[in-house]
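Here is the structure we will look at, set down as structure tokens.
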Amino acid sequence: MLHASLTVDSAFRVADVNPRTFGSFVEHMGRCVYTGIYEPGHSSADEDGLRRDVLDLVRELGVTAVRYPGGNFVSGFRWEDSVGPVADRPTRLDLAWHSTETNAFGLHEFQRWAEKAGVEPMMAVNLGTRGVAEALDLLEYANHPGGTAWSDQRIKNGARDPFGIRMWCLGNEMDGPWQTGHKTAQEYGRIAAETARAMRMVDPGLELVACGSSSSSMPTFGAWEATVLEEAYDQVDYISCHAYYEELDGDLGSFLASGVDMDHFVESVVATADHIRAKLGRKKRINLSFDEWNVWYNTRFEAQGKPTEWAVAPRVIEDEYNVADAVVVGGLLISLLRNSDRVTAACLAQLVNVIAPIRSEPGGPSWRQTTFHPFAQAARHARGTVLRVEPVAPVYETKRFGEVPVVDAVATHDGDELTVFAINRHQSDNVELALDLRAFPGHALVEHSVLSDPDVRAANTQDDPDRVRPYTADTGSVTDGRLTVSLPPVSWNVVRLRRTAG
């Protein structure tokens with residue numbers, strides 16, 4: 001058996017837990033919207049055609065904010081198509097995903113869904129095929145109280161109160177050649193700055209996100225962020241990060257260490273943003289919006305080739321997630337929490353069916369994927385202040401990242417509640433993890449929850465939706481300020497403590 005240790009101390013403060021860390025993403029892609037969150041003919045559909053069973057799972061997942069409507073989709077989106085009587089809305093080709101968009105679900109439907117789900121809308125504007133004027137029109141439509149052409153149109157369409165959207169993404173992945181309206185960093189930085197400046201003329205209090213790199217493997221990574229921020233630093237609040245991870249060529253060891261890459265991504269973008277801050281002589285710091293992250297088996301998707309038909313809501317990247325995928329998602333959540341001082345918004349991409357923690361079938365059931373559980377537990381129990389912990393643990397060799405610790409962890413502290421989130425990356429051995437809790441006298445163990453399985457490829461399916469779920473481990477008590485817990489191989493662990501005395 002392997003041994004590791006860590007110390008938890010309130011002095012090791014990172015930042016307050018930001019609720020937006022637990023955001024997600026709804027794009028008009030595949031079945032995320034149609035037969036995902038919206039299916040008027042379903043037995044669970046409410047008066048707005050929203051699936052109640054999916055809404056229940058979204059609430060259980062603990063999602064706080066949702067980015068919409070894309071994603072690559074937004075770079076061809078004409079927002080005006082998605083408002084007004086549904087029968088009058090035009091059907092369009094979606095170039096991003098080679099599908100047909102009916103616009104049956106649009107801005108008003110999304111706003112009603114967000115209200116019912118209890119999430120904050122995070123809107124993206126089209127800076128691929130459109131620009132400043134269209135972004136201003138959308139802002140006026142969504143947020144202005146009334147008395148203007150667009151705000152009165154919103155009222156006419158059934159929404160007397162403004163939507164009040166505070167956070168706006170200025171385009172999507174504009175560094176990617178696949179993006180409709182792809183731009184150079186200089187071109188994008190200029191239009192982002194112009195759009196942001198104009199939007200702030202309407203409302204100075206908006207929170208605006210500039211597009212960063214689509215991944216850290218992009219050839220322009222780093223240089224893109226620097227150029228964009230030189231153009232738009234004064235006008236924006238965030239730079240975005242996008243990262244997806246998959247197991248390649250059976251290299252499970254590197255896959256389980258994906259959080260190492262996320263840490264590097266964050267560190268690199270922070271360094272670049274702070275360099276531009278120093279270069280421009282500014283006081284304001286740019287934060288990071290990690291508004292697309294997940295496990296995505298993209299190589300499988302690309303191997304299928306482009307579809308030949310312009311289908312409506314086709315089945316696209318409906319990856320089935322297993323235990324190892326869930327542990328990686330847990331590790332990525334640990335990375336996001338550890339970097340809460342600069343990553344102040346994040347979106348698990350996506351929410352339903354498309355590389356998602358929630359699956360649903362047309363006319364059928366919905367269920368939780370394995371990745372649902374670490375997200376839901378982190379969203380529920382990560383409260384108060386993030387505390388940095390430095391596990392002392394054995395290392396193992398990976399092809400991609402060199403030596404990596406077998407244990408990664410982070411903690412949060414809120415009043416009498418203390419929670420440690422930890423993963424064991426080792427593929428065969430348990431790790432005895434000793435927690436030094438002397439800085440938290442009087443705290444007793446409430447629960448040690450574990451997600452693991454002897455079969456790391458085990459998954460939840462429509463026929464067996466609860467095959468993988470967290471269970472309570474038989475763990476001892478805190479003695480002399482020390483607690484030892486056993487972390488099974490390839491596992492996600494949540495250790496909860498509460499002060500009972502002192």
Side-chain angles (χ1 to χ4, degrees), residues 23 25-29 65-82 92 94-97 101 107 110 121-139 141-142 165-200 202-203 206-215 218 220-221 223-243 269 273 286-293 345-347 349-350:
F25 180 33
V26 166
E27 180 172 5
H28 284 247
M29 176 185 181
V66 171
R67 183 168 173 251
Y68 176 83
N72 295 345
F73 173 82
V74 78
S75 290
F77 181 51
R78 307 181 197 188
W79 69 266
E80 306 94 324
D81 292 348
S82 75
R92 302 283 189 189
D94 169 31
L95 305 185
W97 303 112
E101 175 55 52
L107 294 183
F110 174 72
M122 180 177 172
M123 187 65 64
V125 300
N126 178 356
L127 293 186
T129 57
R130 312 188 90 183
V132 179
E134 292 84 1
L136 288 175
D137 289 346
L138 174 55
L139 176 59
Y141 184 93
I165 301 169
R166 308 312 304 162
M167 196 168 184
W168 296 76
C169 299
L170 304 173
N172 175 77
E173 293 188 355
M174 300 308 300
D175 63 325
W178 58 84
Q179 199 72 209
T180 309
H182 162 65
K183 292 172 174 57
T184 66
Q186 189 88 33
E187 291 168 337
Y188 170 71
R190 184 61 184 261
I191 193 172
E194 291 173 347
T195 304
R197 190 178 295 110
M199 292 177 74
R200 290 199 190 282
V202 177
D203 184 349
L206 297 177
E207 297 177 63
L208 303 179
V209 185
C211 291
S213 294
S214 304
S215 76
M218 294 294 289
T220 54
F221 177 60
W224 172 275
E225 282 82 359
T227 300
V228 167
L229 288 177
E230 283 208 55
E231 290 284 347
Y233 196 97
D234 292 336
Q235 283 74 45
V236 302
D237 305 288
Y238 300 84
I239 187 86
S240 72
C241 304
H242 291 179
V269 175
I286 296 292
N287 286 325
L288 277 57
S289 175
F290 220 120
D291 46 44
E292 288 189 34
W293 69 272
C347 299
Q350 295 181 19

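In this structure the side chain of Glu101 never reaches within 4.5 angstrom of the side chain of Asp81, judged on heavy atoms. Using a 4.5 Å heavy-atom threshold, the side chains of Leu139 and Leu206 count as touching. The closest side-chain heavy-atom distance from Phe73 to Met29 is not below 4.5 Å. Counting heavy atoms from C-beta on, the side chains of Val228 and Met174 never come closer than 4.5 Å. Two residues are said to be in side-chain contact when any heavy atoms from C-beta on lie closer than 4.5 Å; Gln235 and Glu194 fail this criterion. A heavy-atom distance below 4.5 Å is not found between the side chains of Pro69 and Phe110. Residues Glu292 and Ser214 are not in side-chain contact: their nearest non-hydrogen atoms beyond the backbone lie 4.5 Å or more apart. Pro121 has its side chain out of reach of Met167: every pair of non-hydrogen atoms, C-beta onward, lies at least 4.5 Å apart.
Classified by interplanar angle (parallel below 30°, tilted 30° to 60°, perpendicular above 60°), the ring pair Trp79/Tyr141 is tilted.
Taking both residues in full, the closest heavy atoms of Trp293 and Ala346 are given as NE1-CB, 4.0 Å, listed atom of the first, atom of the second, then distance. Heavy-atom minimum distance, Thr180 versus Ser75: O-CB, 3.3 Å. Taking every heavy atom of both residues into account, Thr129 and Gly76 meet most closely at OG1-CA, 3.8 Å. Closest heavy-atom contact between Ser82 and Phe77: OG-CZ, 3.6 Å. Scanning all heavy atoms of the two residues, the minimum distance from Ala192 to Leu170 falls at O-CD1, 3.7 Å. Taking each heavy atom of Gly189 and Ala232 in turn, the nearest pair found is O-CB, 4.1 Å.
Defined by atom type and a distance below 3.5 Å, a donor-acceptor pair is missing between the side-chain atoms of Asn287 and Asp237.
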Q: Any chance you could lay out the side-chain contact (heavy atoms from CB on, under 4.5 Å) test for Arg190 and Gln186, step after step, and finish with the verdict?
A: CA-CA 6 Å; Arg190 184 61 184 261; Gln186 189 88 33; 5.9 Å; no
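Put simply, the side chain of Lys183 gets close to the backbone of Leu127: a donor and an acceptor are under 3.5 Å apart. A donor-acceptor pair under 3.5 Å is absent between the side-chain atoms of Ser240 and the main chain of Ser289, judged by distance alone. Using modelled atom types, one side-chain atom of Glu134 and one backbone atom of Gly131 make a donor-acceptor pair closer than 3.5 Å.
Among Asp203, Thr195, Leu138, the one residue that satisfies the side-chain contact (heavy atoms from CB on, under 4.5 Å) test with Trp168 is Leu138. Just one residue in the list Val74, Asp291, Val26, Val209 forms a side-chain contact (heavy atoms from CB on, under 4.5 Å) with Arg67, and that residue is Asp291.
Here Asn126 contributes atom CG and Asn172 contributes atom CG; the two are 10.0 Å apart, rounded to the nearest 0.5 Å. To the nearest 0.5 Å, the span separating CD on Glu187 from NE2 on His182 amounts to 8.0 Å. Separation of atoms SG (Cys347) and CD (Glu27) is listed at 12.0 Å; rounding is to 0.5 Å. Interatomic distance, Met218 CE to Glu173 CD, rounded to the nearest 0.5 Å: 8.0 Å. The CD1 atom of Ile239 sits 7.5 Å away from atom OG of Ser213, with the distance rounded to the nearest 0.5 Å. In this structure, CH2 in Trp224 is found 11.0 Å from CG in Leu229, a value given to the nearest 0.5 Å.
In this structure, Arg197 does not pair ionically with Asp234, as no charged nitrogen and carboxylate oxygen lie closer than 4.0 Å.
Remark: aromatic rings of Tyr68 and His28 are close, center separation under 6.0 Å.
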